[in-house]
Amino acid sequence: MISIQKKILMLTTVVIVIMSIIWITLTFYNYKTQVKYNDILNRYLILNDVSRSSNQVITDLNNFMIQPTPYNLRKLERSKKMMESAKYEVFNVRTEVNQFTLTNYIHLMDSLIETTDRLIGLERDSEAAVKDLAETTRIGNYISDMTLTLIDMELKTHEPFYRGIMEQSIELVKLGIWMILLTSLLLLMATYWFSLSITRPIQQLTEAASDISKGRFDKEITVKTNDEITFLAKTFDHMRSNINNLIQQIKETAKLEYELQQNKILLQESHFRSLQSQINPHFLFNTLNTLSKKAYLEGSEEISDLLVSVADLLRYNLKQIDRSVTLRDELMIVKQYMEIQKARFTDRLQLQLEIDDSCIDVEIPALTLQPIIENAVIYAIEPRVDGGKITIRIKNEADFVKVEIADDGMGMSTEKITQILTERQVESEGHSTGIGFSNVVKRLRLFYERKDVITIESTLDSGTTVRLKIPKKRGEKHD
Amino acid sequence: MYITLGIVFVSLCYLIFVSANIVFRNDLELPNAKKQTDSQYRLVFITRDMDTTFWNKVGSGAARQAEIEGASLEIWGSYSSNLDEFLKKLELAIHSKVDGIIVQGLDTDEFKELTKVKAAFYGIPIITVANDVPMKASLRRTYVGSNQFQAGSLIASELLNDMGAEGNVVLLYDSQQEYYQKERLNGIEETLMKYPNIKTLYAETSESRDQVISTMRDVLNQMPDVDAFIAVNANMIGPMVQEIGKRSQVEPYFIYTFDDGPESLPLLNEGKIDGVIKQDPEKMGEVSVEQLIKWLNGETVPLDINGYFTDIHILKDVKK
């Protein structure tokens with residue numbers, strides 16, 4: 001992991017290194033040029049030195065000739081020594097171009113020294129002395145002239161060199177400008193990329209944060225860098241997934257609670273309805289029993305049985321609805337109900353039972369078969385003049401008991417089926433218990449905790465079949 | 001965007017490359033320093049007629065030979081016979097202790113003083129070239145150039161050839177009476193002496209142009225029936241022909257001179273003069289250097305004091 005600090009340090013180091021290289025190069029170049037300049041200047045100074053010291057010798061010689069004191073002699077000796085040291089310096093100026101002139105130059109100095117030495121030994125006012133003095137002056141002039149010639153020669157030989165140096169110094173300024181431009185360009189680009197490498201992950205993080213703030217917890221946060229931002233992003237992503245899990249849990253709990261609530265509401269509704277019909281049950285039973293006995297005594301057995309059936313049905317209904325009963329009990333009450341309906345519809349109603357007795361002890365919520373059959377009676381038998389047939393089949397299957405209630409009526413539309421199965425049907429009037437089809441569907445599903453417990457199959461004009469699959473083991477969940 | 005950046009980057013790199021190439025170019029070296037003194041001889045060739053055809057040829061011959069011999073030679077001198085400057089150069093050469101001096105001889109006391117006293121004092125050998133100064137007066141090692149006496153004879157016999165054994169001849173020479181002129185005059189005189197019908201007139205003048213012209217005027221006045229002219233000093237041929245031309249046609253006269261003056265050869269080509277003694281200046285230069293180095297190497301000691309003579313022949317005006 002390269003931290004942002006390291007990145008900044010790296011960038012700064014690169015910049016410093018580039019600057020240093022440029023600085024060192026230029027310094028080195030300046031140093032080189034300086035050395036050259038010094039060299040050139042030195043040459044001129046050496047030549048000038050010779051000219052000056054030779055003049056000094058002549059001046060001192062003249063002084064000595066006028067006043068031959070030891071002081072003047074010392075002065076003359078000193079200036080002679082100076083000229084000799086200048087002479088040795090001149091060897092450094094020698095090049096291929098000026099060697100001839102330079103050798104002459106050196107010999108001229110020798111001549112001057114020789115003449116001077118000779119002159120010191122001579123009689124002051126002799127003719128030879130006067131002549132030699134004139135000669136030293138001439139030699140001095142020759143030296144001065146030759147100094148000028150040499151300097152001129154230097155200028156001529158070095159002219160291309162000087163021009164080159166001038167050209168180079170102009171070019172150096174240009175080079176500096178190009179260097180600054182290039183370095184600026186590179187730095188700008190490097191800084192741009194560098195800042196991008198910091199800001200892009202932050203932007204990604206910002207986007208993720210805004211997603212989360214909008215409530216989208218399922219989008220994974222991925223940031224591909226190798227600095228601190230990745231760590232931040234990982235932590236952030238971890239937090240997001242935690243929140244997501246928590247919310248999922250809360251949602252599930254809420255769903256469970258909602259289902260519980262629904263169940264309770266349904267029960268309360270049933271209670272309410274049963275309470276409505278509980279107004280004076282004992283009185284009603286007693287009255288019905290009295291009527292039944294009275295009818296029996298008066299020889300109307302049929303009416304007596306009918307009244308018993310009504311009373312039984314009433315009693316069954318009045319029992320607590322949230323109890324579970326066996327399929328046998330349900331079938332009993334269906335039979336009672338059909339007795340009553342037969343009395344009403346006589347031949348128009350035909351009931352066919354195909355029951356496998358081995359399996360009718362399974363548990364089933366109370367008042368489930370009766371409302372379905374009542375529904376079939378209301379929609380398949382009642383509207384038709386020639387009546388109809390209702391068939392109840394109970395079959396034993398491997399894991400469940402299959403209950404089929406089939407009629408041969410007009411059938412139902414698919415919309416209606418969906419209405420019923422999605423438990424949306426508004427209760428219609430005419431049901432003896434006040435419990436509608438959709439109530440049955442709801443209760444069955446709640447009871448068995450599975451959706452496919454009830455299916456409806458219907459074709460228009462040829463009847464409807466309602467199938468119940470009642471699991472033998474309660475609470476066995478299916479997907 | 002990236003293309004623009006790329007172009008800018010590449011062009012900047014190119015410009016930097018070009019500039020850096022110039023800035024860090026290393027061909028700006030000072031001329032090679034020389035610590036060692038070369039053992040080669042330092043010779044000086046001094047003339048007082050710099051940049052004339054004749055002396056340029058002597059100089060180039062000498063330089064060529066010096067290169068062959070591996071000696072360094074410098075050509076010094078004065079222009080238009082500036083004697084002061086010439087003598088100054090000679091003295092400078094002596095004080096500079098060169099190994100040898102090749103000099104256009106000058107028959108004056110100052111010159112002789114320098115060669116005889118100073119050069120001898122420093123032990124510097126001096127060779128005269130083209131114009132000689134007698135050995136006894138100058139202590140020169142030798143002379144390289146034409147045999148001037150013979151040249152005089154040659155020009156005189158050429159005159160006799162053209163003009164015949166009868167006529168008036170004007171000899172124009174300068175008042176300096178230099179040795180080489182004397183030799184030439186002697187040569188002419190000796191040849192013409194044998195012919196009594198030839199009358200010679202000696203016209204002495206100084207070298208300046210005006211003087212030459214006025215002398216010529218006098219001569220022509222004195223001897224209107226002159227037939228031939230010989231300019232013993234070749235520098236005088238220009239004003240001489242000019243003055244003759246003012247009076248009459250130049251063609252009828254027989255005019256002769258030597259080739260060591262700047263106007264000799266052009267006038268010959270124009271057909272104004274009839275004959276020029278052609279010397280061999282390049283050979284003079286070559287031989288002088290060769291002999292000087294032989295002496296310095298100790299191969300020929302002493303050198304022939306009479307001198308080493310180079311070729312002379314006569315150049316005729318082809319139009320005639």
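Just so it is clear: chains get the letters A, B, ... in the order the sequence lines come, proteins before strands, and each one is counted from 1.
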Checklist entry - What do you reckon, is CG of Leu41(A) surrounded by more than 12 foreign heavy atoms closer than 6.0 Å? => result yes
Checklist outcome for this item: Value for CD1 (Ile16(B)) from CH2 (Trp178(A)), rounded to nearest 0.5 Å, stands at 9.0 Å
Next on the checklist: So for Leu172(A), is it side chain, backbone, both, or neither that comes closer than 4.5 Å to the heavy atoms of chain B?
Outcome noted: both
Checklist entry - Should the heavy atoms of other residues, nucleotides or ligands under 6.0 Å from CD of Glu84(A) be counted, would the total exceed 12? => result yes
Checklist entry - Should we say atom NZ of Lys80(A) is surrounded by more than 12 heavy atoms from elsewhere, each under 6.0 Å from it? => result yes
Checklist entry - Is it the backbone or the side chain of Lys118(B) that comes under 4.5 Å from a heavy atom of chain A, or both, or neither? => result side chain
Next on the checklist: If you compare all heavy atoms of Ile22(B) against all heavy atoms of Gln168(A), which two are closest, and at what distance to 0.1 Å?
Outcome noted: O-NE2, 3.1 Å
Checklist entry - What part of Leu186(A) is in contact with chain B, defined as an atom under 4.5 angstrom from a non-hydrogen atom: side chain, backbone, both or neither? => result side chain
Checklist entry - For the atom pair NZ (Lys97(B)) and CG (Asn104(A)), what is the distance rounded to the nearest 0.5 Å? => result 11.5 Å
Next on the checklist: If you define the side chain from C-beta out and look only at heavy atoms, does anything of Val98(B) sit under 4.5 Å from Thr103(A)?
Outcome noted: no
Next on the checklist: If you compare all heavy atoms of Val44(B) against all heavy atoms of Phe100(A), which two are closest, and at what distance to 0.1 Å?
Outcome noted: CG2-CZ, 3.8 Å
Checklist entry - So which of Met189(A), Glu135(A), Met179(A), Met146(A) has the largest heavy-atom pair count under 4.5 angstrom toward chain B? => result Glu135(A)
Checklist outcome for this item: CD1 (Ile143(A)) and OG (Ser96(B)) are apart, to the nearest 0.5 Å, by 9.5 Å
Checklist entry - To the nearest 0.5 Å, what is the distance between CD1 (Ile139(A)) and CD1 (Ile94(B))? => result 11.0 Å
Checklist entry - Can you tell which of Leu12(B), Leu5(B), Leu73(B), Val18(B) has the highest number of heavy-atom pairs within less than 4.5 Å of chain A? => result Leu12(B)
Checklist outcome for this item: Residue set satisfying ring pair (Phe, Tyr, Trp, His ring centres under 6.0 Å) with Tyr122(B), at least two apart, ordered chain then number -> His95(B)
Checklist entry - Roughly how far, to the nearest 0.5 Å, is the CG atom of Asn21(B) from the CG atom of Leu175(A)? => result 10.5 Å
Checklist entry - Are more than 12 heavy atoms from other residues, nucleotides or ligands located less than 6.0 Å from atom CZ of Arg200(A)? => result no
Checklist entry - With a 4.5 angstrom heavy-atom cut-off, which part of Asp110(A) approaches chain B: side chain, backbone, both or neither? => result both
Checklist entry - Would the number of heavy atoms belonging to other residues, nucleotides or ligands and lying under 6.0 Å from CD of Glu299(B) be above 12? => result yes
Next on the checklist: Is Phe121(B) close to chain A through its backbone or its side chain, or both, or neither, when contacts mean heavy atoms under 4.5 Å?
Outcome noted: side chain
Item to check | Non-hydrogen side-chain atoms of Leu15(B) and Lys174(A) separated by less than 4.5 Å | outcome: no
Next on the checklist: Does Asp84(B) have more than 12 heavy atoms from other residues, nucleotides or ligands lying within 6.0 Å of its CG?
Outcome noted: no
